[in-house]
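Here the structure is a predicted model, which means the values were calculated and not measured. Numbering starts at 1 and runs along the sequence shown.
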Amino acid sequence: MARNDNIWEGTARPCLDDTPAILYSLRMRNIMRPGPLASAPLLLCACLPLLSCARSRAVSTIEAEELFTLSYGSFEDEIDMFDLSSMGSIGTSVVMRDGFFYIANGEARKIMELNSYGDLLMLYYNEDHNPAPSFLSEETGASLTRRAAGFPFSQIGAIAVDPGKRLYAVDTLPSGQQETAAMAGGARHALSQVVLRFDPEGNFMDYLGQQGPGGTPFPFISAIYATENSELVVVTRTGDAMVVFWFNRDGYPLYKIPILPQNVPNPYSDTDSWLSMETVVPGLTERTLFIKVDYFSNYVDEASRIQSGIDYRGTLLYPLDVESGVFSSPLSIPPYSDGGYLGRESYDIPYDFLGVTENNWFFFIVGTESGFGIQMVQGDGGRILTRRVPLDRKENLYCSFSLSREGILSVLLARAEDVAVDWWRTDELILSVLKD
């Protein structure tokens, strides 16, 4: 049942400052340095111990399957990620589509396409920062199956791949080509990023800005997605607001959707509460945006009557019809509960939103002391599956997750000696549940 909440007709109210919510999230989850979000939703792991998870001991575990490993180095089939001890975000991420893996190695200014055995198929690389691929000079059949294309990447961000194998990559313009402009909420923001497009053969097509090919640069791009209709969705963040740009398969704009906190429904508006818009993900086949919203309120100590903390109230997932700007009834997302440990108080912690599958299952993830907790919610809320994903935090220094349209969860794991790419066949888990 559609609500009357219309994003274009929201009552004007002062913007809610979600800074306390963010501080709460950091305090509760001990999140490590973030990296970029890539196409199909991507999440970076926390490598510090979190809260103990008594509840997770009663939840089934799913084991990873290691597909291949890559060595560290500067050659075409190697990864350059270090120095991990340096300040700033890590620019390496992974996307999986149809069994092929695309790794954006921002530190090396290159993008690699590999099969599920780790064989390099295509390399997009900055020629000023990488040696020429060795197979270009070989007089063997290797060059028939491996290709390379030079491009002057500057600072690679999120990547996405559409059904026609066209590659999209976020890049940052040189400072002399950047602009500033007022965005949603009225504040001025730097416009510094564009989306590069490459055809299936690896040839550079053009770059997309706000108006399409060659348009004005975007503000900070938090994620990009390629739908099953080969439409591109660019999610930008401007302070506490988001602006989503939706393009057709030719790169021309269809919709520009500003999402302001004051226009998002708040079922706790009768209390001293605020909300945090954590993630926006598009549907794979329909022009719908799914907005995950976490709600918080101040905690007041009963004895002293003084605010002494922040209470997590709940999480709702709102579908937003892009064409009408109308929110549908939300889906309530159960939190992760650590269950208390050794007499400690139990805490409810909101999951992070990974994405949605073609069968309309929503995936959520949260860091735990022993790895991660995965929650899969059916589109109508009828079924909820929770599983543990063990991950040794001493062995793995960094990780980047990706969810495929089928529901396969992949991860890139940076270890001391190499980089591994694993996956969990959560798609098979869902199919087995549906058959029961």
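- Between Ser276 and Glu278, the side chains place no donor N or O within less than 3.5 Å of an acceptor N or O (distance only, hydrogens not considered).
- Residues Glu179 and Pro217 meet the side-chain proximity criterion, which asks for heavy atoms closer than 4.5 Å.
- Closest approach of Ser230 to Gly164, counting heavy atoms only: OG-N, 4.4 Å.
- Annotation: side chain of Arg415 is in contact with side chain of Thr69 (closest heavy-atom distance under 4.5 Å).
- Nearest approach of Ala226 to Tyr168, heavy atoms of both residues: CB-CE1, 4.5 Å.
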Exercise. Check the pair Ser402, Val411 against side chain to side chain contact (heavy atoms under 4.5 Å, CB included), reporting the backbone distance first and the verdict last.
Key: CA-CA 6 Å; Ser402 175; Val411 65; over 6 Å; no

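- Side-chain atoms of Gln193 come within 3.5 Å of backbone atoms of Ile221 as a donor-acceptor pair (strictly under, hydrogens ignored).
- For Arg383 (side chain) and Val433 (main-chain N/O), a donor-acceptor pair under 3.5 Å exists by modelled atom type.
- Ion pairing of Glu65 with Arg425 is absent here, as no side-chain N (NZ or NE/NH1/NH2) approaches a carboxylate O to less than 4.0 Å.
- Separation of atoms CD1 (Ile90) and OG (Ser400) is listed at 10.0 Å; rounding is to 0.5 Å.
- Proximity of a side-chain donor or acceptor of Asp171 to a complementary backbone N or O of Ser154 within less than 3.5 Å is detected.
- Ser74 and Lys110 get closest at one heavy-atom pair: O-NZ, 4.3 Å.
- For the residue pair Asp206 and Pro213, the shortest heavy atom distance occurs at OD2-CB, 3.8 Å.
- For the pair Val421 and Ile103, the minimum side-chain heavy-atom distance is below 4.5 Å.
- When atom types are taken as modelled, the side chain of Glu78 and the backbone of Phe75 share a donor-acceptor pair closer than 3.5 angstrom.
- Under the 3.5 Å distance criterion, the side-chain polar atoms of Arg147 are matched with a main-chain donor or acceptor of Glu201.
- At least one side-chain heavy atom of Phe153 sits under 4.5 Å from a side-chain heavy atom of Tyr124.
- In this structure, Tyr255 and Trp246 have perpendicular ring planes: the angle between them is above 60°, well past the 30° mark.
- Taking the six-membered ring where the residue is Trp, Phe364 and Phe362 present tilted rings, their angle falling between 30° and 60°.
- Note: Trp424 CH2 to Ile374 CD1 = 7.0 Å, rounded to the nearest 0.5 Å.
- Side-chain N or O atoms of Asn115 include none that pairs as donor or acceptor with a backbone N or O of Phe100 at under 3.5 Å.
- Residues Glu358 and Thr285 have side chains that never bring a donor and an acceptor to within less than 3.5 angstrom of each other.
- The closest donor-acceptor contact from the side chain of Glu127 to the backbone of Pro152 lies at 3.5 Å or more, if one exists at all.
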Practice problem: Decide yes or no on side chain to side chain contact (heavy atoms under 4.5 Å, CB included) for Phe101 and Ser116, but give the supporting numbers first. | Solution: CA-CA 7 Å; Phe101 291 83; Ser116 59; 4.2 Å; yes

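- Residues Arg146 and Asp119 are not paired through a salt bridge, judged by the lack of any N-O separation under 4.0 Å between the basic side chain and the carboxylate.
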Quiz prompt | Verdict with supporting geometry, Gln210 and Phe245, side chain to side chain contact (heavy atoms under 4.5 Å, CB included) | solution = CA-CA 7 Å; Gln210 296 183 40; Phe245 299 84; 3.7 Å; yes

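- Between the CD1 atom of Ile408 and the CZ atom of Phe363 there is a distance of 9.5 Å, given to the nearest 0.5 Å.
- Remark: Arg97 engages Glu228 in a salt bridge, criterion side-chain N to carboxylate O under 4.0 Å.
- Asn229 places no side-chain N or O within donor-acceptor distance of the main-chain N or O of Glu231, the cut-off being under 3.5 Å.
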Self-check item: Worked check of side chain to side chain contact (heavy atoms under 4.5 Å, CB included) between Ser71 and Asp418
Solution: CA-CA 5 Å; Ser71 300; Asp418 60 15; 5.5 Å; no

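- Shown here for Ala416 and Tyr72, the closest heavy-atom pair between the two residues is O-CE1, 3.7 Å.
- Rounded to the nearest 0.5 angstrom, Ser410 OG and Asp422 CG are separated by 9.0 Å.
- For Phe290 and Phe353, the ring centers sit 6.0 Å or farther from each other.
- Glu286 CD to Glu323 CD: the interatomic distance, rounded to the nearest 0.5 Å, is 10.0 Å.
- Under the 4.5 Å side-chain criterion, counting only non-hydrogen atoms from C-beta, Leu289 is in contact with Val322.
- Considering Val233, Val243, Val244 in turn, Val244 is the only one that fulfils the side-chain contact (heavy atoms from CB on, under 4.5 Å) rule with Ile257.
- Judged purely by atom type and a 3.5 angstrom limit, Tyr312 has no side-chain atom pairing as donor or acceptor with the backbone of Phe296.
- Taking CD from Gln155 and OG1 from Thr172, the interatomic distance works out to 4.0 Å, rounded to the nearest 0.5 Å.
- A donor-acceptor distance shorter than 3.5 angstrom exists from the side chain of Asn105 to the backbone of Asp80, with no hydrogens or angles considered.
- Put simply, the side chain of Thr368 does not reach to within 4.5 Å of the side chain of Arg388, judged on heavy atoms.
- Taking 4.5 Å as the limit, some side-chain heavy atom of Ile259 sits within range of a side-chain heavy atom of Val280.
- Between Asp294 and Lys292 there is a salt bridge, with a side-chain nitrogen of the basic residue lying less than 4.0 Å from a carboxylate oxygen of the acidic one.
- Annotation: side chain of Tyr225 is in contact with side chain of Val235 (closest heavy-atom distance under 4.5 Å).
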